[in-house]
Participant: 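Here's a structure for you.
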2 protein chains.
Amino acid sequence: MRMSEGVEWALHGCLNLTWLPPGRAVPAAKLAEFYDLPAAYLNKQFQALARAGIVASTPGKRGGFRLARDPERITLLDIVVAIEGGGEAFRCDELLRRGPGADPGTDYRQACLVSQAMRRADLAWRRELAAQTLAGLKADVERRYPAAPENTRARFAELMTPEGTTA
Amino acid sequence: MRMSEGVEWALHGCLNLTWLPPGRAVPAAKLAEFYDLPAAYLNKQFQALARAGIVASTPGKRGGFRLARDPERITLLDIVVAIEGGGEAFRCDELLRRGPGADPGTDYRQACLVSQAMRRADLAWRRELAAQTLAGLKADVERRYPAAPENTRARFAELMTPEGTTA
DNA sequence: GACTGGCTACTCGGATAGTGAATGTCCGAGTTGCATAGG
DNA sequence: CCTATGCAACTCGGACATTCACTATCCGAGTAGCCAGTC
């Protein structure tokens, strides 16, 4: 039950996007360079975020990705689901259907108490993730690490600038 | 983030064990036949449960698996962890360590607020699973499906009996 | 100088290989219970 | 009849293939900005 590492990339990537000027797009390549990640694969992850409507993509020379809506309206669950898919972690293959006295008409995902117990845990997990917005996370980070926004902006400005300009 | 299907098998398998006479061992092959599952693979899953101390294994002719301790002292989390491993679902690869201004001495699994938020969700999930014991689940099933224990016992008696004896 | 046209560079997007874990299968070591032979 | 002994069947346990999803990479379609040429 390992989560895709793309989730971590997406969370940190979106968080960084909150610190950029609104409407400013960042190419996936620069975002990857920020953490020294494989650019093409990070791009793939952000494609998923774009399909989910969390980020908006812009092609062309000054294109890239930007947040599609207010960070206040983006929950951590949104991001996780966009990358991992909405399916539940616990797979109920309706084992009881194959057991003795099974009724083909019954939906054992509902009737099976094992499935229900696992679903409760799944919901608790989702509730916790849905309760935290990207804006809230941003605020927490800024409170604990006040220099983070400026550091991020400076780093991106450096990445966007052709090398040699600063030296 | 898909959970191994062995978890479902282990949960239903352990639940069935609670309905058998205490000390009575059931071979993995019979347990597999109960739900028409691949016997050798189910055996593999129960090996993991045995290593975790949840079930005890007995070799030999009338051997098999039985619960190693009182169902009251077995939580659903115990079973899930035995199959899936105790690692957290969210992988924190300490992305911040590769970012700008990283401190090699810092443990970013603790410092990173993204990691903390994911860990909170993970803990909520674990708390929910740890709150439910196998005995509690057994009681819930018996309350909703009173015939379940007897049906299970009868089915196992039939499986244990050499064919032709009943006819 | 302002405008138009084309062109280049850069972006995402999806189609295409590589890798590792989960899944599935098999055979051997060891133990139990039973049948049997002997006391 | 009771006991000791050998045997045979059955069990788990781990070692060995196979499959599938995740990981990683590459190239093409399309767009935005820029530069040159023209009015």
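First the proteins, then the strands, lettered A, B, ... as listed; each starts at 1. Computed from heavy atoms alone, side chains included, the values below leave out hydrogens, waters and symmetry copies.
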Participant: Whole angstrom is fine here: how far is it from CD in A:Gln45 over to C1' in D:dT23?
Facilitator: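 Rounding to the nearest Å, CD of A:Gln45 and C1' of D:dT23 are 9 Å apart.
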Participant: What's the CG-C1' distance between A:Leu49 and C:dG13, to the nearest Å?
Facilitator: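 After rounding, the gap between these two atoms is 14 Å.
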Participant: Considering only distance and modelled atom types, tabulate donor-acceptor pairs under 3.5 Å from the side chains of residues 51-67 of chain B, sequence neighbours left out.
Facilitator:
from, atom 1, to, atom 2, distance (Å)
B:Thr58, OG1, B:Arg66, NH1, 2.8

Participant: Given atom CD of A:Glu84 and atom C1' of D:dA21, what is their separation to the nearest angstrom?
Facilitator: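 In whole Å, D:dA21 C1' and A:Glu84 CD are 11 Å from each other.
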Participant: Pairs of donor and acceptor atoms involving the side chains of residues 43-50 of chain B, under 3.5 Å and at least two apart or interchain, shall be tabulated with distances.
Facilitator:
from, atom 1, to, atom 2, distance (Å)
B:Gln45, NE2, B:Tyr41, OH, 3.3

Participant: Quick one: is B:Arg91 getting a side-chain N or O under 4.0 Å of the D:dC22 phosphate, OP1 or OP2?
Facilitator: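 For D:dC22, neither OP1 nor OP2 has a side-chain N or O of B:Arg91 closer than 4.0 Å.
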Participant: Under the rule for side chain to side chain contact (heavy atoms under 4.5 Å, CB included), what residues qualify as partners of B:Asn151, not counting sequence neighbours?
Facilitator: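 Partners of B:Asn151 under the side chain to side chain contact (heavy atoms under 4.5 Å, CB included) test: B:Ala147.
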Participant: Please report the distance, rounded to the nearest Å, between CG in B:Leu37 and C1' in C:dT23.
Facilitator: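 Roughly 13 Å, once rounded to whole Å.
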Participant: With axes from five pairs an end, tell me the bend angle of the helix from C:dG1-D:dC39 to C:dG39-D:dC1, nearest 10°.
Facilitator: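 Answer for the end axes of this duplex: 10°.
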Participant: Of A:Asp103, A:Leu95, A:Asp93, which meets side chain to side chain contact (heavy atoms under 4.5 Å, CB included) against A:Tyr108?
Facilitator: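 Among A:Asp103, A:Leu95, A:Asp93, the one meeting side chain to side chain contact (heavy atoms under 4.5 Å, CB included) with A:Tyr108 is A:Asp103.
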Participant: Between B:Glu5 (CD) and C:dA21 (P), how many Å, whole number?
Facilitator: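 Whole-Å distance recorded here is 18 Å.
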Participant: What is the distance, to the nearest angstrom, from the CG atom on A:Leu42 to the P atom on D:dC22?
Facilitator: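 Spelled out: CG on A:Leu42 to P on D:dC22 is 17 Å.
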Participant: Is there a salt bridge (Lys or Arg N to Asp or Glu O under 4.0 Å) between A:Asp107 and A:Arg97 once you walk through the steps?
Facilitator: CA-CA 9 Å; A:Asp107 179 7; A:Arg97 186 178 299 284; 5.4 Å; no
Participant: So, for A:Glu8 and B:Glu94, which heavy atoms are closest and what is the spacing to 0.1 Å?
Facilitator: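 Answer, listing the atom of A:Glu8 first, then B:Glu94: OE2-N, 3.5 Å.
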Participant: Indicate whether any N or O donor in one side chain lies under 3.5 Å from an N or O acceptor in the other, for B:Glu150 and B:Trp19.
Facilitator: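 Looking only at side-chain atoms, B:Trp19 and B:Glu150 do not form any donor-acceptor pair under 3.5 Å.
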Participant: Under 3.5 Å, is there a donor on one side chain and an acceptor on the other for A:Trp125 and B:Glu128?
Facilitator: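 There is no such pair (donor and acceptor under 3.5 Å, judged by atom type) between the side chains of A:Trp125 and B:Glu128.
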Participant: Not counting sequence neighbours, list each pair that qualifies as a side-chain hydrogen bond (donor to acceptor under 3.5 Å, both in side chains) and has a residue in residues 27-38 of chain A.
Facilitator: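 Listed by first then second residue: A:Asn16-A:Tyr35.
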Participant: Which letters describe nucleotides 7-18 of chain D, given B = protein heavy atom under 4.0 Å from base, S = only from sugar-phosphate, - = neither?
Facilitator: ---BSSBBB---
Participant: Expressed as a whole number of angstroms, how long is the span from B:Tyr41:OH to C:dA21:C1'?
Facilitator: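 Answer to the nearest Å: 10 Å.
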Participant: Roughly, in whole Å, what's the span from CE in A:Met160 to C1' in C:dA9?
Facilitator: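 Roughly 15 Å, once rounded to whole Å.
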